[in-house]
Amino acid sequence: MASSLGFDMGLVQRSQGGDALCHSAYVCGGTARLADGSVVDFSKRNDVVAAFVVTPVGAPSWAADCSQLWKRAVAAEKRADAQEARLFELTIPRSIPKKHWEELARHVARAFVVHGMTVQVGIHCPMATDGDINPHAHFMATMREIVEGEFSRKKARHWNKIFHGAAKAIRYKVAEMLNEFCRMKGLDCQVDPRSNAERGLPPAEVRLPHWHILHYQRTGQKTPAMEQRDKERAARIEVARLEAECAELERELELARAEAKRTSVAEPRLAAPPDVPRYVFKGQSHAKRGAHRQMARTEALADVATDLDLPGLRYGP
């Protein structure tokens, strides 16, 4: 059975407090000085497996440096409510070996780079809540094309046709690329782009944007969305516990039934007494009916043979 595709899309928006420099530092596990002079430092993270930039043909050398890339990209945006970057996040199936992760991420990034976008990629592998690994790839795509060595003065509005109202189509395209990659590598892995509802599965846990985590790290207070997520997570854990308990009880019940069946087969059974045929007497006197009943009993017992010498009365008449 194919596993569900984990793929999310988003934007770095100034109106929502987003900052491409901060997000870039998070993706690559580095540091960055923000516009307000503050410094963010993600260099102590130990879950960053790889970080690189995929550039279009003919891009200048500075575009391959994520620090220079996003300093120039942010400077090109003048509006207070500007969108600074497009975000994508792809969950890498655990069945794909680590040695293929970077090649897979480049394969997906090139699908956007061919349109002229410059894409920063970061592959992370923290531990999941179930104690296993959680490999995934972050993608940050620029909002402008690089023209003659600099970001264009105009946003690439024609890219809107690729993304506007096309989230489902992009999701299916990414699933197709991932499945194609696995076939090329001979990997036994396939993903299904359909939602859990379309597949008849329970809804997946809500994945919150990273700024919720940053807010919690900065203030020590969870956002309402994080509190709701934690309640749902606790409920899921309790349901899983109850389901496991029910499964164990069902298993014990099946064992008890099997044991009872074996016991009943092994125990000797007493022979059933012979059936005494019933006669219907119509139009006979009470004495004749009694004689016929006695004769029926005698005939029935005559078929029962025994070689035993039956003892007489113990205490005599």
Shared ILVMFWY cluster between Ile162 and Phe139, side chains joined below 4.5 angstrom? yes

Does Glu148 have more than 12 heavy atoms from other residues, nucleotides or ligands lying within 6.0 Å of its CD? no

Rounding to 0.5 Å, atoms NE2 (His164) and CZ (Arg157) come to a distance of 13.0 Å

Are the side chains of Leu11 and Leu87 in contact, using a 4.5 Å heavy-atom criterion? no

Determine all donor-acceptor pairs shorter than 3.5 Å in which one atom belongs to a side chain in residues 46-58; sequence neighbours excluded.
| residue | atom | partner | partner atom | Å |
| --- | --- | --- | --- | --- |
| Asp47 | OD1 | Arg45 | NE | 3.0 |
| Asp47 | OD1 | Arg45 | NH2 | 2.9 |
| Asp47 | OD2 | Arg45 | NH2 | 2.6 |

Met117 side chain near Trp159 side chain, heavy-atom distance below 4.5 Å: yes

So, using salt bridge (charged side-chain N to carboxylate O under 4.0 Å, His left out) as the criterion, who are the partners of Glu150 when residues are at least two apart? Arg72

Starting at CD of Glu254, measure out to CG of Leu249 and round the result to the nearest 0.5 Å. 12.0 Å

Residues 15-35 vs salt bridge (charged side-chain N to carboxylate O under 4.0 Å, His left out), sequence neighbours excluded, gives none

Return the set of residues passing side-chain contact (heavy atoms from CB on, under 4.5 Å) with Ile96 (not counting sequence neighbours), or none when no residue passes. Ile92, Pro93, His100, Trp101, Leu104, Leu178, Cys182, Leu187, Cys189

Salt bridge or not between Lys231 and Glu227? Use side-chain N to carboxylate O under 4.0 Å. no

For Phe163, what residues pass the ring pair (Phe, Tyr, Trp, His ring centres under 6.0 Å) criterion, not counting sequence neighbours? Phe88

Does Val147 share a hydrophobic cluster with Val74, counting links as ILVMFWY side-chain heavy atoms below 4.5 Å and allowing steps through other members? no

Can you find a pair of side-chain heavy atoms, one from Phe7 and one from Pro193, that are under 4.5 Å apart? no

As an exercise, state the distance from OH of Tyr216 to CE of Met226, rounded to the nearest 0.5 Å. 7.0 Å

Does anything in residues 110-134 form a salt bridge (charged side-chain N to carboxylate O under 4.0 Å, His left out)? List the pairs, not counting sequence neighbours. Arg94-Asp130, Arg94-Asp132

Looking at residues at least two apart in the chain, or sitting in another chain, which of them share a salt bridge (charged side-chain N to carboxylate O under 4.0 Å, His left out) with Glu250? none

Is it the case that the side chain of Thr263 and the backbone of Glu259 share a donor-acceptor pair, with hydrogens and angles ignored and the cut-off at 3.5 Å? yes

According to salt bridge (charged side-chain N to carboxylate O under 4.0 Å, His left out), who are the partners of Lys185, at least two apart in sequence or on a separate chain? Glu103

Is there a donor-acceptor pair closer than 3.5 Å between any side-chain N or O of His136 and the backbone N or O of Asn134? yes

Please collect all side chain to side chain donor-acceptor pair (under 3.5 Å) contacts where either partner lies in residues 79-88, sequence neighbours excluded, each pair once. Arg14-Glu84, Arg79-Asp81, Arg86-Asn160

Would you check if the distance from the ring center of Trp70 to the ring center of Tyr26 is below 6.0 Å? no

Looking only at side chains, do Asp65 and Ser67 share a donor and an acceptor under 3.5 Å apart? no

Once salt bridge (charged side-chain N to carboxylate O under 4.0 Å, His left out) is applied, do any residues pair with Lys71, and if so which ones, sequence neighbours excluded? none

Quick one, Thr118 and Ile146 - any side-chain contact, counting heavy atoms below 4.5 Å? yes

Is any side-chain heavy atom of Asp192 less than 4.5 Å from a side-chain heavy atom of Ser4? no

So for atom CZ, which belongs to Arg241, do other residues, nucleotides or ligands contribute more than 12 heavy atoms lying within a distance under 6.0 Å? yes

Scan for salt bridge (charged side-chain N to carboxylate O under 4.0 Å, His left out) pairs involving residues 168-177, sequence neighbours excluded, and state none if there are none. Lys168-Glu198

Would a distance-only check, ignoring hydrogens and angles, find a side-chain to backbone donor-acceptor pair under 3.5 Å from His212 to Lys222? no

Can you list everything that forms a side-chain contact (heavy atoms from CB on, under 4.5 Å) with His158? Sequence neighbours excluded, please. Glu145, Ala156

